[in-house]
Undergrad: 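Below you will find the structure I want to go over with you.
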There are 2 protein chains.
Amino acid sequence: MNKKRITIKDIANVLNISPAAVSKAMHDDSRISTKTKEAVRRVAKELNYQPNHLASALRKGKSNLVGVIVPRTNSNFFSSVIENMEAVLNKAGYNIIITQSNESFDKECKNIDTLLYTQVDGIIASMANETVDLSHYEKIKSKGIPLILFDRGENDLNVDYVGINDYDSSHIIVEHLVEKGCKRIAHIGGYRRTRIFNNRIRGYVDALKKNKLPIDDSLIIESSLTLEDGRREMERLLSLDNKPDAVYVASDYAALGALQVLNESKINVPKEIKLVGFGNEPFTSLVSPSITSIAQHSKDIGRLAAETFLKRIAQPELKQSLNKIILEAQLIVRDSSS
Amino acid sequence: MNKKRITIKDIANVLNISPAAVSKAMHDDSRISTKTKEAVRRVAKELNYQPNHLASALRKGKSNLVGVIVPRTNSNFFSSVIENMEAVLNKAGYNIIITQSNESFDKECKNIDTLLYTQVDGIIASMANETVDLSHYEKIKSKGIPLILFDRGENDLNVDYVGINDYDSSHIIVEHLVEKGCKRIAHIGGYRRTRIFNNRIRGYVDALKKNKLPIDDSLIIESSLTLEDGRREMERLLSLDNKPDAVYVASDYAALGALQVLNESKINVPKEIKLVGFGNEPFTSLVSPSITSIAQHSKDIGRLAAETFLKRIAQPELKQSLNKIILEAQLIVRDSSS
DNA sequence: TACATTTGCTTAAACGATTAAGCAAATATA
DNA sequence: TATATTTGCTTAATCGTTTAAGCAAATGTA
């Protein structure tokens, strides 16, 4: 068993040159002869040399690692964002460390500590539902490490952001339902303290007003938007004397829960009640009836978040104004609303 | 802006002690007075000190980082495995770096290089479908870094493994379908070169034999098991003169594709054709009809893989024999087969 | 030929934390 | 009182790589 680590010193010894020369040869320094470079590369391969990231990152003060925090990876939106983000960052010589908060504030704090401790060169994050206190995000900023938020952001933090226009998305959904003849549109939303969910609620309310529909507080529900939440809140809506004729759910998972309850209650979707979800998860097209939803441009968000980070790293701090990239969402109409 | 990094040297200067004393105080060394320890902790907090992982990992020759490679995170099975793995490892002082291979061999090689370069203390992986050449996995072994495989393993590698009993799972499924009166059971499986899929195919064939059913090669299909593959292969099966009366699909995603085709073709599931999937993804219970599937104990697999790694790290190499943990799968019967 | 420049390296000091070895002062033991 | 032990630190080397500074030899220029 080959226990001993091979270092540049070993390569240097074989060739009778200094470790410094080896290091420079590896980095294609112009002051090293072609002959030496070739020899170094050959010996490195022979000895199965693997550079030690810890040492070079320590010396250079740069790890070429980017930390990513998502509420969960088990969602098509987030995993697609990550995939596209990674592609851009890899090309620029960065590797990513993915962490999940599981929507927990505590876990998110721990993840940030881990990432800072690991000396990442930047953090790209989407906030957990639970998160209200922003001090741990401030900590990232105070260390001068670039922070990019996507999807679940927060205006107060004053950092770069990439996401879709949630306020307008609600308008698009309400307009669509009104067009289909709906008069009592309920909204199963997220908690108002999360900016994106607050924006969806505001958009929903304003769109109702714009269409001269009354605002009924019993039709506006805040929840964590899990599948179970969707079930429970749908049951609540069905128990109302004056039932809604459409439900706009701010997450596909909760929409799925709602659909289950509707199907179980033998309520015809879309004839009796129309349903719209949010996020365009793959399963929305697979269940019956298929669920109308909002596509969030996950690929673009991933790419843009990565590019924003690279821009931030390239520029000498402070000079650059804030990047706020807001994409327009797209309604994917399916059976549950037409 | 506080650009300068705070190091133990800064703390040492404030207190007029040596950096070594600070380091020891931080680690609660018995040879440091309580008074000094308290002072160090206080100053560390005041200066907002963050230990530099690169430096300590370099010196200690241990990064307390575990690399994880999965084909994709966008699957309930893998994300559940990761979540439980992380819980165990965090408790033991390790953090994890998640990487996805996207089922690509090249990406998997790159991920391994990145992880080795990052000096992880171990790697826990599930192989990409494409992977046949195992030399990059041998590289991990040759460096003496613990490697644990789960779900998608490979016998030839001779490393620790955690997974379910795929061979037996096929038996359970076939027995179930035979019990329901099926006589012509088709199998849409993965490629034989991947061990788990080979085992499922072998199990399927042996179970048919055991039940005195004929083996029909036109009913055994190999594919990548994506949703699209499921659709295409189901269409092929339906075009046969002698159609099957049951289909056992080795992945829920492909099973879903098959179900879509069956629904579109107005074939009654389960009356005309029964369907069984594999993996117990959440959507299996959500589609209609709901899909019978095999639960893979993702939580246990995650936990056990982590524990196996910890055991491996704790023991002085070689001494320990191989850990092969094979869990018994569980059939979750739903509407598509009863 | 005399000097300047370029080439191709070497030397040595970092990066920040850990740790073996050592040492003086305080305390315990005989 | 003399010696042993314990306490509470310091010193200095080290992990593996990078890089500023320097230096001799080779090459170019006048």
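Here is the naming used below: chain letters follow the sequence lines, and residue numbers restart at 1 for every chain. Please read these numbers as outputs of a predicted model, since none were measured by experiment.
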Undergrad: Using a heavy-atom distance cut-off of less than 4.0 Å, which residues of residues 33-46 of chain A contact DNA chain C?
TA: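 Output list: S33(A), T36(A).
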Undergrad: Is the count of non-hydrogen atoms from other residues, nucleotides or ligands lying under 6.0 Å from K324(B) atom NZ greater than 12?
TA: yes
Undergrad: Do any N or O atoms from the side chain of S63(B) and from the backbone of Q119(B) form a donor-acceptor pair under 3.5 angstrom?
TA: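 Yes; judged by distance alone, with no hydrogens or angles, the pair exists.
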Undergrad: I11(B) CD1 to dA17(C) C1': how many Å, rounded?
TA: 12 Å
Undergrad: Can you tell me if K110(B) has over 12 outside heavy atoms packed within less than 6.0 Å of its NZ?
TA: no
Undergrad: Is any side-chain heavy atom of K139(B) closer than 4.5 Å to one of D113(B)?
TA: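 D113(B) vs K139(B): side chains touch.
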Undergrad: What I'd like to find out is whether the side chain of L304(B) reaches to under 4.5 Å of the side chain of V88(B), using heavy atoms alone.
TA: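 They are not in side-chain contact.
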Undergrad: Rounding to a whole Å, what distance do you find between N13(B):CG and dG16(C):P?
TA: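 Those two atoms, CG and P, are 13 Å apart.
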Undergrad: When you look at N95(B) and V66(B), which way does the side-chain contact (heavy atoms from CB on, under 4.5 Å) test go after all the steps?
TA: CA-CA 6 Å; N95(B) 284 301; V66(B) 177; over 6 Å; no
Undergrad: Between dT10(D) atom P and I8(B) atom CD1, what is the distance in whole Å?
TA: 12 Å
Undergrad: Counting only heavy atoms and a strict 4.0 angstrom limit, can you tell me which residues of residues 111-119 of chain B come near DNA chain D?
TA: none
Undergrad: Indicate yes or no for a side-chain donor-acceptor contact from D10(B) to the backbone of T7(B) under 3.5 Å, with no hydrogens or angles considered.
TA: yes
Undergrad: With heavy-atom distances below 4.5 Å as the criterion, would you say the side chains of V40(B) and I17(B) are in contact?
TA: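 V40(B) reaches I17(B) side chain to side chain.
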Undergrad: Under a plain distance cut-off of 3.5 Å, with no hydrogens placed, do S104(A) and N102(A) share a side-chain donor-acceptor pair?
TA: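 No.
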Undergrad: Using distance alone, with no hydrogens and no angle criterion, decide if T131(B) and E108(B) have a side-chain donor and acceptor under 3.5 Å apart.
TA: yes
Undergrad: Atom CD1 of I32(A) and atom C1' of dT18(D): how far apart are they, to the nearest Å?
TA: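 After rounding, the gap between these two atoms is 13 Å.
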Undergrad: Take atom NZ of K9(B) and atom C1' of dT10(D), then tell me their distance rounded to the nearest Å.
TA: 15 Å
Undergrad: Specify the residue among P51(A) and S30(B) whose closest nucleotide of DNA chain D lies further upstream toward the 5′ end.
TA: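 Result: S30(B).
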Undergrad: On DNA chain C, nearest-nucleotide positions of R31(B) versus Q50(B): which is more 5'?
TA: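 The answer here is Q50(B).
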Undergrad: In this structure, how many angstroms lie between the C1' atom of dG8(C) and the CG atom of L15(A), rounded?
TA: 15 Å
Undergrad: So with a 6.0 Å cut-off around NZ of K311(A), is the heavy-atom count from everything else above 12?
TA: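 Open.
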Undergrad: Name every residue in residues 52-63 of chain B that has at least one heavy atom under 4.0 Å from any atom of DNA chain C, in order of residue number, or write none if there are no such residues.
TA: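 DNA chain C contact set from residues 52-63 of chain B: N52(B), A55(B), S56(B), R59(B), K60(B).
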Undergrad: Rounding to 10°, can you tell me the angle the first-five-pair axis of the helix from dT1(C)-dA30(D) to dA30(C)-dT1(D) makes with its last-five-pair axis?
TA: 40°
Undergrad: Counting only N and O atoms by type, is there a donor-acceptor contact under 3.5 Å from the side chain of N323(B) to the main-chain atoms of D160(B)?
TA: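 Not at all, since once roles are kept as given, no pair shorter than 3.5 Å links the two residues.
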Undergrad: Should we say atom NZ of K62(A) is surrounded by more than 12 heavy atoms from elsewhere, each under 6.0 Å from it?
TA: yes
Undergrad: Taking side chain as C-beta onward, heavy atoms only, is P71(B) less than 4.5 Å from R152(B)?
TA: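 SC-SC contact between P71(B) and R152(B) confirmed.
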Undergrad: Can you list, by residue number, the residues of residues 18-29 of chain B that have a non-hydrogen atom closer than 4.0 angstrom to DNA chain D?
TA: S18(B), A20(B), A21(B), K24(B)
Undergrad: Give me each pair satisfying ring-ring contact (aromatic ring centres under 6.0 Å, His included) with a member in residues 84-139 of chain B, each pair once, sequence neighbours excluded.
TA: H53(A)-Y117(B), Y94(B)-F309(B), F105(B)-H136(B)
Undergrad: Going by an N to O cut-off under 4.0 Å, is there a salt bridge joining E130(B) and K107(B)?
TA: no
